[in-house]
J.: 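Right, I'll just put the structure down here and ask away after.
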Amino acid sequence: MNETQIISAIVEHKPGVLYKVSNLFRRRNYNIESISVGAAEIEGTARVTITVNENEQKTEQVIKQLNKLVEVIKVSRLDASNMVAREMALVKVHIANPSARSDIVQYANIFRSRIVDVSPDSMTIEVTGDSSKIDALIELMKGFGLKEIARTGITALARGARSTKLEE
Amino acid sequence: MFGISGGAVIPFFDELYHETEIRNILVRHEQCAAHMADGFARASGRPGVCVATSGPGATNLTTGIANAYMDSIPVVALTGQVSCRPVPGSSYLVGTDAFQEADTVGIMTPVTKYCTQVRSAEEIPPTIKEAFHIASTGRTGPVLIDIPVDTQRDELDFNYPRNLDLRGYKPPQKTPHPLQIKKAAEMLKEAERPMILSGGGTIISGAAKELTELAEFLMTPVTTSLMGKGSIPEDHPLSLGVIGMHGTTEGMRTTLETDLIMAVGLRFSDRTTCKIPLFKRDAKIIHIDIDSAEIGKNIETDIPIVADAKMALKAIYKELSKTTSKRKKSAWYDRIEELRQSVAEEKEEEEGLKVPRMLKELRKIVPRDAIICTEVGQNQSWTAIYFDIYKPRTFITSGGLGTMGFGFPAALGAKVARPDTPVLDIAGDGSFNMTNQELATSNFHDIPVVVIILNNRMLGMVAQWQRLFYGRRYSGVDLGTVPDFVKLAESYGAHGTRVGSYKEVGKAVKEALKSDTTTVIDVPISMEDNVYPMVPAGKGFDEIVTG
Ligand SMILES: Cc1ncc(C[n+]2csc(CCOP(=O)(O)OP(=O)(O)O)c2C)c(N)n1
């Protein structure tokens, strides 16, 4: 059964590594739902968080293939029931009339999101949460008229004692 | 080292000018430089090295590197690249579409085990050391280093590092997990009709002896994939030859009847298994491979063993011999004999010069340890089925990529590795036409091999498919009678000869084996011959076509 799988990899923070990681997914016939990258806890390494919609066996397979990349130092699959996964999005919404403005502010509050930019005919909301929360907010904002969306893709860590950290 | 120079590697070649320890072989096409390095590695077990300039040199290498990658062959490739550091007033720089710039790392990433570009001279010595280490450990494979020309010109105090700093490279443990070995031994003991299926990993790991010993201990028949040919002497009573799209009937019938397949160093490629449910039926599977990613990739296994083939086989042998003694002949063994017998009876003599018989007669002439290379097409399949191989590393063929034109340069590479061993390439005319310019390399560098062209004036294997499955519509397969291979050989300073009977072939090969120049033996054969047995595409081992 296909479901959202989150793969977390610690890689060498060097030019070309992201290409090798993403190319591996393409070449092995996987579709990346989202990918996010940034420096990790140890200098010279980065953490890549990749989301795919796959079954268990295919996910295991791509993890094994990732492990073979020389620039990939460690790969883990995050367990949905034991991780924190977040995504951030900026959503720019069209303001047709003054009442829309106050409605949007209200909705934004309900979603614990913030208004980060305002112009005469638009507002930009910053929302963080799991992907379904962001989907829901975006869905709601469609009613007002979406101008632009930028999503970061999921980033995630295992909870508590379980770690995807490099052992020194 | 096999290579061709060019603008971005002149400083590199300049350093070789006074070099005496590295044999520098100038080839005629970079693809062949990679194939020669590959053939060298297959014959010797040591990594082969090839070199090309930037841009077209590097792109020409690609097929050869991809070929080595598919068959897990250790090759170290060095390519030149345009400069990586800006020089005022010059736009000869990586990223600017400079003259002969190609994104070599981008192109090679999916077809190498590892590839990287160095950015300074200091990085070169450790990267070279890493390259050889990565290419030749774990699951072996090709590694490429892209070396910008400006870094080649830099001077530095040479310091070859002692230790490697490769935190991301984690070749699997060579030793098998004891529990898995116990389980495997148990399963082998209980199986009534076990079979061993051996792949290229057995050859690479040097486990042919262990494999044969285990087979003898258990009295199990041994089949191989194309890449595994040579895992057991094929005149051994337990050997059933190659199985797969083109393989032996007895091997495939045995696969249909077995209740346990122990696969060693094998990736269950679609060529080997054909239709999986028919390949596997109810049989249990023990899968030994050094690459854990191969386990469960194409086929579900009952007992996975991630380990070096040799170590795993030794461990299983040891475990078995604790509790059992060497098996005697069993009902299963008798059944194999029966299968073998029935197949032998099915075969009938045909008129004219037929390749299967020719190959069998050749086998009697060619020394046991001679290295046999093939091209791709009918020539490859016929050789796989009808030419017995006795020793590991003496059968060299493009298994995974199926690269026409591989056999001849690979033969030259093998000859460089093993100058005292006779090397033969069993070729198709189409394939030989793809790389025969290397006759020049063979002549100039004194690398004598024997090329036997099974000349059907056709892209024979494709024509076979058209004959059988496309209503004899021979579209785009007629090669005509050009060139005259005898004259072609002579023009390069090689011997050329044309023969028309079994006897003449034998005589020509005997002479060629004595010669210190390359000999091209042109053997005209019928255009209409098909390679049998074959398993048609999409079918399983129960639908073998035997002719
Ligand atoms: C480089 C390359 N191009 C195309 C093919 C597809 N192909 C497979 S077999 C074959 C025909 C080979 O003809 P030949 O070398 O004359 O051998 P024969 O089958 O006649 O023995 C072709 C075109 C290939 N395997 N490799």
J.: Check this for me: B:K174, atom NZ, are more than 12 non-hydrogen atoms of other residues, nucleotides or ligands nearer than 6.0 Å?
T.: no

J.: Using non-hydrogen atoms and a 4.5 Å limit, figure out which bit of A:I63 sits close to chain B: side chain, backbone, both or neither.
T.: neither

J.: How about CZ on A:R114, more than 12 heavy atoms from neighbouring residues, nucleotides or ligands closer than 6.0 Å, or not?
T.: no

J.: So, the side chain of B:K170 versus the backbone of A:K68: is there a donor-acceptor pair under 3.5 Å, distance only?
T.: no

J.: Has A:E71 got a side-chain atom pairing as donor or acceptor with B:G168's backbone, closer than 3.5 angstrom?
T.: no

J.: Just give me the residue among B:L166, B:D291, B:I134 that pairs up with chain A most often, heavy atom to heavy atom, under 4.5 Å.
T.: B:D291

J.: For a 4.5 angstrom cut-off between non-hydrogen side-chain atoms, does A:K20 reach B:Y114?
T.: yes

J.: Does CD belonging to B:E300 count more than 12 external heavy atoms closer than 6.0 Å?
T.: no

J.: Is it true that, when you exclude A:F25 itself, more than 12 heavy atoms of the residues, nucleotides or ligands shown sit nearer than 6.0 Å to its CZ?
T.: yes

J.: Identify which part of B:K297 has an atom lying under 4.5 Å from any heavy atom of chain A, answering side chain, backbone, both or neither.
T.: both

J.: Under 4.5 Å heavy-atom distance to chain A, tell me which part of B:R139 shows up: side chain, backbone, both or neither.
T.: side chain

J.: Taking atom CG as the centre, does B:D282 end up with more than 12 heavy-atom neighbours from other residues, nucleotides or ligands that are less than 6.0 angstrom away?
T.: no

J.: Is A:Y19 reaching over with its side chain to a backbone N or O of B:G106, donor-acceptor style, under 3.5 angstrom?
T.: yes

J.: Is it the case that atom NZ in A:K92 sees more than 12 heavy atoms from other parts of the structure closer than 6.0 Å?
T.: no

J.: Between A:L24, A:V11, A:V70, which shows the greatest number of heavy-atom pairs under 4.5 Å with chain B?
T.: A:V70

J.: Count the heavy atoms belonging to other residues, nucleotides or ligands that lie under 6.0 Å from CD of B:Q173, then report whether that count exceeds 12.
T.: no

J.: By a 4.5 Å heavy-atom criterion (distance strictly below it), what part of A:Q57 contacts chain B: side chain, backbone, both, or neither?
T.: side chain

J.: When you measure from the side chain of A:K64 to the backbone of B:I295, do you find a donor-acceptor pair of N or O atoms at a distance under 3.5 Å?
T.: yes

J.: Can you tell me if A:R151 has over 12 outside heavy atoms packed within less than 6.0 Å of its CZ?
T.: yes

J.: Are B:R167 and A:T45 close enough that some pair of their side-chain heavy atoms sits under 4.5 Å apart?
T.: yes

